[in-house]
Colleague: 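After the structure tokens below, expect a handful of questions from me.
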Amino acid sequence: MEKQYSVADAKNSLTSIIHDVETGVPVKLTRHGKPVAILLSIREYDFLKKNKGSFWQLLMEFRNSMEKEGIDISDSDFAGLRDVTSGREVNI
């Protein structure tokens, strides 16, 4: 569960906040009740920063993994998922 501190309170509780962040608890900093920053552990930051590749690259990896597992995804798998109605009537 994420913890939250005002910037003013964070100045007085920095040691405690750093300990929480190191144990994996993200900390949200607020100013006048509005979020302004998030503090993360270096492990979480490195994970988020890591280049995961382009959309196309990831799509191709997904398709290859499905092929290796013998899973065939066809157009029929998507039939009925989209609402094709024209929507609601609007009086102008």
Side-chain angles (χ1 to χ4, degrees):
M1 181 87 192
E2 136 188 320
K3 291 190 176 185
Q4 182 172 312
Y5 294 88
S6 71
V7 173
D9 290 340
K11 289 178 185 178
N12 299 326
S13 306
L14 187 58
T15 304
S16 172
I17 291 171
I18 290 173
H19 177 71
D20 288 342
V21 169
E22 286 176 328
T23 60
V25 179
V27 174
K28 183 185 290 184
L29 299 179
T30 62
R31 183 179 291 125
H32 306 296
K34 296 183 180 179
V36 294
I38 295 284
L39 300 177
L40 301 171
S41 70
I42 194 68
R43 184 182 53 79
E44 290 176 274
Y45 173 75
D46 287 341
F47 175 77
L48 292 172
K49 186 179 158 190
K50 186 172 80 172
N51 185 2
K52 295 178 176 80
S54 69
F55 173 78
W56 185 254
Q57 210 174 7
L58 295 172
L59 177 61
M60 295 311 294
E61 287 176 19
F62 171 74
R63 287 181 173 176
N64 289 337
S65 69
M66 293 296 103
E67 188 177 301
K68 284 179 185 176
E69 293 181 29
I71 300 172
D72 183 35
I73 300 173
S74 66
D75 291 342
S76 64
D77 293 317
F78 298 98
L81 292 179
R82 184 173 178 183
D83 182 3
V84 294
T85 61
S86 61
R88 61 186 174 97
E89 288 186 29
V90 178
N91 295 324
I92 298 179

Colleague: Where do Ala10 and Leu29 come nearest, in terms of heavy atoms and distance?
Modeller: CB-CD2, 3.7 Å
Colleague: If Ile, Leu, Val, Met, Phe, Trp and Tyr residues are connected whenever their side-chain heavy atoms lie under 4.5 Å apart, and connections chain through other members, are Tyr5 and Val36 in the same group?
Modeller: yes
Colleague: Search all heavy atoms of Lys28 against all heavy atoms of Pro35 and return the closest pair with its distance.
Modeller: CD-CB, 3.8 Å
Colleague: Do Val7 and Leu14 share a hydrophobic cluster, counting only Ile, Leu, Val, Met, Phe, Trp and Tyr and linking them when any side-chain heavy atoms are less than 4.5 Å apart?
Modeller: no
Colleague: Give a yes or no on whether the backbone of Arg43 and the side-chain of Asp46 come within a donor-acceptor separation of less than 3.5 Å.
Modeller: no
Colleague: Can Leu48 be reached from Leu39 by stepping across I, L, V, M, F, W or Y side chains whose heavy atoms are under 4.5 Å apart?
Modeller: no
Colleague: Of the non-hydrogen atoms in Leu40 and Pro26, which two are nearest, and what is the gap between them?
Modeller: CD2-CB, 4.1 Å
Colleague: Does CD belonging to Glu67 count more than 12 external heavy atoms closer than 6.0 Å?
Modeller: no
Colleague: Let me see the working for Ile73 and Phe62 under side chain to side chain contact (heavy atoms under 4.5 Å, CB included), right down to the final yes or no.
Modeller: CA-CA 11 Å; Ile73 300 173; Phe62 171 74; 4.1 Å; yes
Colleague: Considering non-hydrogen atoms only, spot the tightest contact between Asp77 and Asp72 and give its length.
Modeller: OD2-O, 3.6 Å
Colleague: With rounding to the nearest 0.5 Å, note down the distance linking CD in Gln4 to CD1 in Ile38.
Modeller: 8.5 Å
Colleague: When hydrophobic residues are tied together by side-chain contacts of less than 4.5 Å, even through go-betweens, does Met66 share a cluster with Leu58?
Modeller: no
Colleague: Calculate, to the nearest 0.5 Å, the distance between atoms OG and NZ belonging to Ser13 and Lys11 respectively.
Modeller: 12.5 Å
Colleague: If only atom types and distance count, is the side chain of Thr23 paired as donor or acceptor with the main-chain N or O of Asp20 below 3.5 Å?
Modeller: yes
Colleague: Same cluster or not: are Ile42 and Ile17 linked, directly or through other Ile, Leu, Val, Met, Phe, Trp or Tyr residues, by side-chain heavy atoms under 4.5 angstrom apart?
Modeller: no
